[in-house]
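Just so it is clear, the model here is predicted, and its values are computed rather than measured. By convention in this document, chain letters (A, B, ...) are assigned in the order of the sequence lines, proteins followed by strands, and residues within each chain are numbered from 1.
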Number of protein chains: 2
Amino acid sequence: MKTIELEDDLYRYIASQTKDIGESASDILRRLLDVSANVSADLTNVEESQPHAVDTNSETKQTVTKSPVVVEEEPTPVSAPIVVETAVEVVSHSTLPASIAKLIKNKKFKETTVSVTKFIQILSVLYAENPKEFDSATDIKGRKRIYFAKSESELLSAGSTTKPRHIENTPYWVITNTNTGRKRNIITQLMAEMGYTHALIDAVSQSI
Amino acid sequence: MKTIELEDDLYRYIASQTKDIGESASDILRRLLDVSANVSADLTNVEESQPHAVDTNSETKQTVTKSPVVVEEEPTPVSAPIVVETAVEVVSHSTLPASIAKLIKNKKFKETTVSVTKFIQILSVLYAENPKEFDSATDIKGRKRIYFAKSESELLSAGSTTKPRHIENTPYWVITNTNTGRKRNIITQLMAEMGYTHALIDAVSQSI
DNA sequence: GACGAGATCGGTGGGATTGTTG
DNA sequence: ACCAACAATCCCACCGATCTCG
C-alpha cells in the first residue's frame, strides 16, 4: 500500500464516485481510470478503540447578550421571496431582510422555534451579503464531516446521516444533523472567517 | 489535504502518468479525471485585510468552477444565482506562504489555536525553503524515539503511541505525541541544524 | 433515503501532566 | 538522592450520528 495526498475537493469528488458501499479508494480509482486490478490480497485495517472518558457536555452554553448593532426592524424586500415550509407552523411566505443585523431583529425570525430554520435563513442572508467571502469560508469542517458543499451528494459522502439541506438562493448545501450548540459553532466559525466583528457574531449565534 | 491509500500497482500507474516534473498526486489525478482545480486558494495576504462584510450590495460574481459533480438545484420561484464558468485556474499546490518568516506573520496561522497544526505547517514550510538542509537535519532524535522518518511505520516502531503525522508536501512524517514544549524543542533543534539564525529560530519557536 | 428535530452520549484527538531514565 | 531530559499515559474538550421525543 502506498499513501498519497489529495486536495480536499478532489478527495470529495473521488469519494462521491463510490458505486458500492465500502469501496476502497483503489476500487474507485480503478474504475474511473479504467485500470484493472491485479490479483492480490488486500487487507483492511480495523481501528481499535480507547477506554472512554468522563463526559462534560458544554456544547450548549447560553449567554445572553444584547446585539450591539442598532438597526431598523423593517423587513426589506429582497429580490427573491423565500418559501418557508413547515409541517407545524403556518408561516408560508416570508421575506428575508437584506442583512443579518436586520434578520436577527426580524419579528418572524425571532418567533421561529425551529433552530434549523433559523440556521438556514442566517446562512442564506450571509451568502447574500457577501458571496465571495462566504465562498472562501465554506471550507470549515469537523473531524470527519464537511459542513458545506455545492451538492447534496458531496455532503452525504463525507459522513453518515448528515441530513443535508439546500441553502435557499445559494449554490450551497449544509449539514443539518447537529445539535443546536454545533449549529451555533458553525455560524460562529463561518462568520469569523468571513471577517465579521466578534460582537455581531455573538449576537447572531445567540439568536439561534 | 486528505490522505488515501492505494494498492502499489495503481500507485505506480498514476505516478507513471506524470507529465511535469514535480507534479503532485492531485495534479496528475485532476488531469486524468478531468477535474479542474478550484480557484479558492486562500492565500491570505500577510499584510492583513479582511473586509468587514457589513456592507451589502457587492457584486455577486461566482468564479468557482466545479468538477463533473452534478449540482442539483432546487427550483426556486425566482432567478437563481448564476454560476459563471471560468476557464482560468492555476493554483493547486499548498496555500502556505513560501517562507517561515511569512508564515509566522500570516493571519490564519496566528489565529490557529491548535499547536499541532502550527507545528506541521512550520515543518512543511521549512522543507519547502530548503529540502536538502531539512533532509540532513532530520536525524535529530530523543532518547528512544526518532522524530522524523519517511514513513509512518518507522516512527511507530521507535516508540509507543507516537502519533505520527505526515508533513504536507513533503516525504516526511513527524512524531506528534509531545507537549508543546517539546514541539518547540524539535523545531529549535531542527532549525539550528539547518543553519537558521538564533533570532529567527526564537521567533518561530515562540509562534507555536 | 424518506418523519423531522436535535439532545444525548459514545468516540477521538490534543497535549498537559505524570512517570521514566540516564 | 536529585535533576534534567524525555516518553507516553490519560484527562478534557470537541465532534459525530444514533436514538428519543414531539
Examine distances only and state if a side-chain atom of S124(A) and a backbone atom of Q121(A) form a donor-acceptor pair shorter than 3.5 Å. no
Aromatic rings F134(B) and Y172(B): how do their planes relate, parallel, tilted or perpendicular, breaks at 30° and 60°? tilted
May I ask you to test the Y147(B)-T178(B) pair for a side-chain heavy-atom distance under 4.5 Å? no
Is [X] close enough to [N] that one of its side-chain N or O atoms is under 4.0 Å from OP1 or OP2 there?
X       : N       : value
R145(A) : dA17(D) : yes
S115(B) : dG15(C) : yes
T161(A) : dT18(D) : yes
S160(B) : dT9(D)  : yes
R182(B) : dG15(C) : no
T180(A) : dA7(C)  : yes
R143(A) : dG16(D) : no

Smallest separation among heavy atoms of E168(B) and I120(B), with atom names: OE1-CG2, 3.9 Å
Ignoring the backbone of Y147(A), work out which of dG14(C), dC15(D), dT17(C) is nearest its side chain. dC15(D)
Which of the following nucleotides, dG1(C), dC15(D), dC6(D), is nearest to the side chain of L156(A)? dG1(C)
Answer yes or no: side-chain N or O of N177(A) and base N or O of dG6(C) forming a donor-acceptor pair under 3.5 Å. yes
